[in-house]
Amino acid sequence: MALLLFGVCFFFIQPQGVPSRPTSDKTRIFTSPSPVYELKNIPHPDGTYQHLPHAIIIGVRKGGTRALLEMLSLHSNIAVAESEIHFFDWENQYGKGLQWYLSQMPFSYSQQLTVEKTPAYFTSTQVPERIYNMNSTIKILLILRDPIERVLSDYTQVYYNHLQKNKTYPPVESLLLRNGELNTDYKAINRSLYYSYMENWLKYFPLGNIHIVDGDYLIKDPFPEMQKVERFLNLSPQINASNFYFNKTKGFYCLRDGGRERCLHESKGRAHPHISSFLLGKLRDYFFEPNRKFFELVGRTFNWL
């Protein structure tokens, strides 16, 4: 239960594993499968509180997590954590405890769902169990795109990061190929092996708790994908087609929100490097079987083969 003393709200977390629900204007209960613990929460002057997330966007890196978060924030019943917190995957952050994690969340009203996104969660081995121990029934959003496109996007980001620091970075083919064969030690390739990571998540969460957003479709036509996200989170249908418009200069969709237009950062939507048909064939061969196994695992196919 929650107890209000001297203007400070104490959250008593019980081992039930269900999302938070409002009990009054000034108290709120959070439950978890972990042992009973207590969180202190000081209200904002406007009556809002910080809440542990009801949903987490877990990845994948370069899959479109920022776009998904921005689009989700169009909904009035969503409160988003602006930065990537890395609570569950960085030991120094996790060691600070749930009280610190709570302090990183936005202030929100009782009817709002709090959403956090850290793309590295999906590929971090210990994260599923840690999130489960906080809330076993939390809603999980996973956005994926064609594994080959994700590899090239990953390379592009690292390339430009080096460029901004006046550092050189090897051409894409010299990193992806080694003696005429695919360099499977390259981290970006491993991050696109969705099957192995998804297996780990399904040890802790049923598939019904995980919604997979098709990142390729989100780029091409965001509205239908966001309708699915609204339904998954049991949100009223507020987001509509008029919230999106295609920006020809940038080459991707931007957002309209209450008469205000906004686009993702200029670092998003960069052109990927051209690769040879030889390398493309190697990548297709390599990802064919892992993609097939992933489709079987989640009971759904994507246009990746």
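Model, not experiment: these values are computed from the prediction. Positions are given from 1 along the sequence.
- Note that NE2 of H54 and OG1 of T137 are 10.5 Å apart. Values are rounded to the nearest 0.5 Å.
- In this structure, the side chains of V229 and L68 come closer than 4.5 Å at one or more pairs of heavy atoms.
- With hydrogens and angles disregarded, a donor-acceptor distance shorter than 3.5 Å links the side chain of E173 to the backbone of S276.
- Side-chain atoms of N183 never come within 3.5 Å of backbone atoms of R178 as a donor-acceptor pair (strictly under, hydrogens ignored).
- Counting non-hydrogen atoms of neighbouring residues, nucleotides and ligands closer than 6.0 angstrom, the CZ atom of R284 reaches no more than 12 such neighbours.
- We find the CD-CD distance between Q104 and E82 to be 13.0 Å, quoted to the nearest 0.5 Å.
- Residue L177 is not grouped with residue F288 when hydrophobic side chains (ILVMFWY) are merged at heavy-atom distances under 4.5 angstrom, including chains of intermediate members.
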Audit row: I189, F287, side-chain contact (heavy atoms from CB on, under 4.5 Å) steps and yes/no: CA-CA 9 Å; I189 289 179; F287 284 116; 4.0 Å; yes
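- Of the possible donor and acceptor atoms, none in the side chain of Y121 sits under 3.5 Å from a partner among the backbone N and O of P128.
- Taking 4.5 Å as the limit, every side-chain heavy atom of V213 sits out of range of all side-chain heavy atoms of K228.
- A donor-acceptor pair is defined here as one N or O able to donate and one able to accept, closer than 3.5 Å; no such pair exists between the side chain of N200 and the backbone of Y197.
- Hydrophobic cluster membership differs between V151 and F302, with clusters built from Ile, Leu, Val, Met, Phe, Trp and Tyr side chains linked at under 4.5 angstrom.
- Heavy-atom minimum distance, Q112 versus S76: NE2-O, 3.0 Å.
- Closest approach of I56 and F88 over heavy atoms only: CD1-CE1, 4.1 Å.
- Using modelled atom types, one finds no donor on one side chain facing an acceptor on the other under 3.5 Å when comparing Q126 with Y94.
- Using modelled atom types, no side-chain atom of N209 and backbone atom of I140 make a donor-acceptor pair closer than 3.5 Å.
- Applying the ring pair (Phe, Tyr, Trp, His ring centres under 6.0 Å) test to pairs two or more places apart or on separate chains, those with a residue in residues 224-245 are H211-F232.
- Contact annotation: the side chain of M134 approaches that of P53 to within less than 4.5 Å [non-hydrogen atoms, C-beta and beyond].
- Side-chain contact check for E225 versus I143: every heavy-atom pair is 4.5 Å or farther apart.
- Counting non-hydrogen atoms of other residues, nucleotides and ligands closer than 6.0 Å to OH of Y217 gives a total of 12 or fewer.
- Interatomic distance, L39 CG to W100 CH2, rounded to the nearest 0.5 Å: 13.5 Å.
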Can you list the steps and then say if M226 with L72 is a side-chain contact (heavy atoms from CB on, under 4.5 Å)? CA-CA 7 Å; M226 293 311 300; L72 197 50; 4.0 Å; yes
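- Legend: residues meeting salt bridge (charged side-chain N to carboxylate O under 4.0 Å, His left out) with R260, ordered by chain and number and at least two apart, are absent.
- No donor-acceptor distance shorter than 3.5 angstrom exists from the side chain of S153 to the backbone of E149, with no hydrogens or angles considered.
- Neither W304 nor L193 shares a network with the other; the hydrophobic side chains, linked directly or stepwise wherever heavy atoms of I, L, V, M, F, W or Y lie under 4.5 Å apart, form separate groups for each.
- Between S73 and I78, the shortest heavy-atom contact is CA-CG2, 4.4 Å.
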Decide yes or no on side-chain contact (heavy atoms from CB on, under 4.5 Å) for N303 and D146, but give the supporting numbers first. CA-CA 7 Å; N303 295 327; D146 184 318; over 6 Å; no
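- Annotation: side chain of F205 is in contact with side chain of I131 (closest heavy-atom distance under 4.5 Å).
- Between the side chain of Q238 and the backbone N or O of H75 there is no donor-acceptor pair closer than 3.5 Å.
- Put simply, the side chain of Y101 reaches to within 4.5 Å of the side chain of L98, judged on heavy atoms.
- Taking every heavy atom of both residues into account, T114 and H51 meet most closely at CG2-O, 3.7 Å.
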Could you go through the side-chain contact (heavy atoms from CB on, under 4.5 Å) check for K282 and L176 one step at a time? CA-CA 10 Å; K282 288 287 187 182; L176 291 178; over 6 Å; no
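- Side-chain atoms of T118 and D89, non-hydrogen and from C-beta on, do get closer than 4.5 Å to each other.
- Counting only heavy atoms from C-beta outward, the side chains of M198 and I210 approach each other to under 4.5 Å.
- One side chain, Y195 or E199, offers a donor N or O that lies under 3.5 Å from an acceptor on the other.
- Transitive grouping of hydrophobic side chains (ILVMFWY, heavy atoms separated by less than 4.5 Å) keeps Y155 and L144 in distinct clusters.
- No single ILVMFWY cluster, assembled from side-chain heavy atoms under 4.5 Å apart, contains both I148 and F294.
- One finds a salt bridge joining R130 and E91 here, because a Lys/Arg side-chain nitrogen approaches an Asp/Glu carboxylate oxygen to under 4.0 Å.
- Here the OG-CZ distance, from S192 to R145, works out to 9.5 Å after rounding to the nearest 0.5 Å.
- Taking all atoms of both residues into account, the shortest heavy-atom contact from R191 to V60 is O-CG2, 4.0 Å.
- Residues N161 and Y169 have side chains that never bring a donor and an acceptor to within less than 3.5 angstrom of each other.
- When atom types are taken as modelled, the side chain of R61 and the backbone of T123 share no donor-acceptor pair closer than 3.5 angstrom.
- Minimum heavy-atom separation, K220 to Y253: O-CE1, 3.1 Å.
- Between K293 and E289, none of the side-chain N atoms (NZ, or NE/NH1/NH2) sits under 4.0 Å from a carboxylate O, so this pair counts as no salt bridge.
- Here the CD-NZ distance, from Q99 to K40, works out to 6.5 Å after rounding to the nearest 0.5 Å.
- A distance-only check finds no donor-acceptor pair linking the side chain of E230 to the backbone of P237 [under 3.5 Å].
- The SG atom of C254 lies 9.0 Å from the CE atom of M71; values are rounded to the nearest 0.5 Å.
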